[in-house]
Amino acid sequence: MSSHASDIIIFGARGDLAQRKLLPALYQLDRAGLLHPQSRIIGVSRDGNRDSFISQSLENLARYVPEKEQVTQEIETFSARLDHQCISFTDAKGYVPLAELLLQKHHDRVFYYATAASLFGPISQNLHASGCLNSNCRVVLEKPLGHNHESSAAINDEVGKYFTEAQIYRIDHYLGKETVQNLIALRFANPLFGSQWNCDHISHIEITVAEKVGIEGRWGYFDEAGQMRDMVQNHLLQLLTLTAMEPPLDLSADAIRNEKVRVLQALAPVKAVGPDKHVIRGRYTEGVVDGKSVPGYMNEEGANPNSSTETFVAIKAEIRNWRWAGVPFYLRTGKRMKQKLSQITVHFKPHAYYIFNENQRSVARNRLTIRLQPEEGISLKILNKDQDLSQAMNLRAGSLRLDFANDFGRNRIPDAYERLLLEVVRGNQYLFVRRDEIEHAWHWCDQLIEQWKQDDSAPQGYSAGSWGPKGADLLIMKDGNCWQEDL
Ligand SMILES: NC(=O)C1=CN([C@@H]2O[C@H](COP(=O)(O)OP(=O)(O)OC[C@H]3O[C@@H](n4cnc5c(N)ncnc54)[C@H](OP(=O)(O)O)[C@@H]3O)[C@@H](O)[C@H]2O)C=CC1
Ligand SMILES: O=C1O[C@H](COP(=O)(O)O)[C@@H](O)[C@H](O)[C@H]1O
């Protein structure tokens, strides 16, 4: 538990993110005894009052928290922490009662902006003008932070007028996933991998984040963003940096973030158009997901017939540094794919000299798969002698597997937002994205998106419920490799 009481003030508290993710996560932290007894949760929205906010929040707890974790006494304790302020975010005068409420207590203050990024500047300015800010404040910024380097820098500048970098917590919820944090333990606590993690021993790395969901009624947002801004700029690049970074000096936030930034700086610009391009854009057409027919992207509700937005991206990326020279990083992510699957697959090089059955040469390689979700775990493919009496030494591939849920006896893996909210309350920034990091990521994505703007070809179609367009298979097959979906 944090040694200080905190006031957690959520802007956009009646919106989807707050109701579906943030309040259930805070309830779980409270149940686990991780919130200070005096901490308060103050929802801010432009309509409603304390009673309607509490009843909406309790209804949604009942909806989003698994039934066996809904305990009457714990729900009562949690609801006693809830309070509400009715403010239109751009109305400076509306902040006066909030300031009065905050000044009643000497609590740390966490302002969570669960609303559009265009409001981050005005909210910060109004908090400042009304006297809500002091040196014990932190601010949490939701994604997407802008739609390119320039707009992201403008938002950072606005918020930066009122909060120092040490007070700003930029969310990428993938960093809150336990399996993503485990990448640091796996790489740097295991000497076995530490010594092999480079271009001398690794031939290529795949990062797949496949989603089964479509755009879930978010046409207005998604058609502006596309899968590149929605998933690659943040989640996939975070996975890439954690996979590729040098060992940090220690586990402090800046030591880790310094190394992640170095990877982003070493990312080579990618050719995104033309016959020798290293990027494939796709868009789902109608198909079947989980036995149910679903419409194509262009037939989703609110669709714009002139849209050229991608719902799938595959990229062959290259990191220009000593460790990774010549090792392709294949990234792919898409909506409405065959299954929900996030995993990193590391392919090790074969031995330089081979003494076994020539027909089995192609399988004689090790592969490490890190399954981030679902069925979180790790698998290492190794070669053994086939257990039979044949004269030849036949090889058989088998896997050493770790299944986090069963093998670690955890009955629940905490949701990413639980971890992230807890670290904000504790004042630990290591799971949050630093300004230079987000801006380097935008810079790399911008050069690629700019090339698409000069290209009038439509994204390649793929059937909903498949693994993406043919072009994505060709991209990796050209190098003699193929995408892995198994563990
Ligand atoms: N939902 C999700 O799963 C995710 C969301 N995000 C990000 O989180 C943020 C919030 O998303 P989400 O919850 O889905 O969005 P919602 O639209 O559901 O919630 C935003 C809330 O902000 C309120 N709001 C907007 N403008 C004002 C204003 N001027 N004054 C007072 N209240 C205002 C809205 O009120 P009203 O309803 O009255 O307009 C709404 O309740 C966005 O930046 C989004 O990109 C990021 C990742 C996932
Ligand atoms: O940030 C986002 O992430 C989700 C995918 O998150 P996951 O935790 O379910 O893997 C994605 O669906 C959404 O479009 C995007 O905005």
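Counting convention: from 1, in listed order, for ligands and their atoms alike.
What sits closest to atom 16 (O) of ligand 2 on the protein, heavy atoms only, is D230 OD1, 2.7 Å. The shortest contact between atom 10 (O) of ligand 2 and any protein heavy atom is with Y174 OH, 2.4 Å. Here the heavy atom of the protein found nearest to atom 6 (O) of ligand 2 is H173 NE2, 3.2 Å.
Between H204 and H347, the ring planes are parallel. Angles under 30° get that label, and only those over 60° would be called perpendicular. Classification of the Y417-Y112 ring pair by plane angle, with boundaries at 30° and 60°, yields tilted.
Residue D486 forms a side chain to side chain donor-acceptor pair (under 3.5 Å) with just one option from R367, K381, Q343, and that option is R367. Evaluated for a salt bridge (Lys or Arg N to Asp or Glu O under 4.0 Å) with D108, the options R40, R426, R138 yield exactly one hit, R138.
Ligand 2 lies out of reach of F222, whose nearest heavy atom is not under 4.0 Å from it. Under the 4.0 angstrom criterion for non-hydrogen atoms, K340 is in contact with ligand 2.
Within ligand 2, the atoms closer than 4.0 Å to a non-hydrogen atom of R218 are 13 (C), 14 (O), 16 (O), numbered from 1 in the order shown. Counting atoms of ligand 2 from 1 in the listed order, those under 4.0 Å from a heavy atom of K177 are 7 (P), 8 (O), 10 (O). Close contacts between ligand 2 and K143 involve ligand atoms 1 (O), 2 (C), 15 (C), 16 (O) [criterion: under 4.0 Å to a heavy atom]. Taking a cut-off of under 4.0 Å to the non-hydrogen atoms of Q373, the atoms of ligand 2 that pass are 7 (P), 10 (O).
Across the listed options Q227, E142, E211, E211 owns the non-hydrogen atom lying nearest to atom 11 (C) of ligand 2.
Screening residues 84-98 for side chain to side chain donor-acceptor pair (under 3.5 Å), with sequence neighbours left out, gives S45-H84.
Side-chain contact, N234 with R229: no donor N or O sits under 3.5 Å from an acceptor N or O. Judged purely by distance below 3.5 Å, without hydrogens or angles, the side chains of Q56 and R14 pair a donor atom with an acceptor atom. Side-chain contact check for Q238 and E437: at least one donor-acceptor pair (N or O, by modelled atom type) lies under 3.5 Å.
Residues forming a ring-ring contact (aromatic ring centres under 6.0 Å, His included) with H107 (at least two apart in sequence, or on another chain): none.
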Query - Derivation and outcome, side chain to side chain donor-acceptor pair (under 3.5 Å), residues N60 and S57 - result: CA-CA 5 Å; N60 282 318; S57 304; over 6 Å; no

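Counting heavy atoms under 4.0 Å from ligand 2, residue E216 does not touch it at all.
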Please list, one pair per line, the donor and acceptor atoms closer than 3.5 Å that link side chains of residues 428-436 to other protein atoms, with sequence neighbours excluded.
| residue | atom | partner | partner atom | Å |
| --- | --- | --- | --- | --- |
| N428 | OD1 | Y430 | N | 3.1 |
| Q429 | OE1 | R257 | NH2 | 3.3 |
| Q429 | NE2 | E165 | O | 3.0 |
| Q429 | NE2 | A166 | O | 3.3 |
| Q429 | NE2 | I168 | O | 2.9 |
| R434 | NE | D436 | OD1 | 2.9 |
| R434 | NH1 | D254 | OD1 | 2.7 |
| R434 | NH1 | N258 | OD1 | 2.9 |
| R434 | NH2 | N258 | OD1 | 2.9 |
| R434 | NH2 | D436 | OD2 | 3.1 |
| R435 | NE | E439 | OE2 | 2.7 |
| R435 | NH1 | D157 | OD1 | 3.0 |
| R435 | NH2 | A153 | O | 3.4 |
| R435 | NH2 | D157 | OD1 | 2.9 |
| R435 | NH2 | E439 | OE2 | 3.2 |

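Annotation: ligand 1 has protein neighbours G12, R14, G15, D16, L17, R20, R46, I87, S88, F89, A114, T115, L119, E142, K143, P144, each with a heavy atom less than 4.0 angstrom from the ligand.
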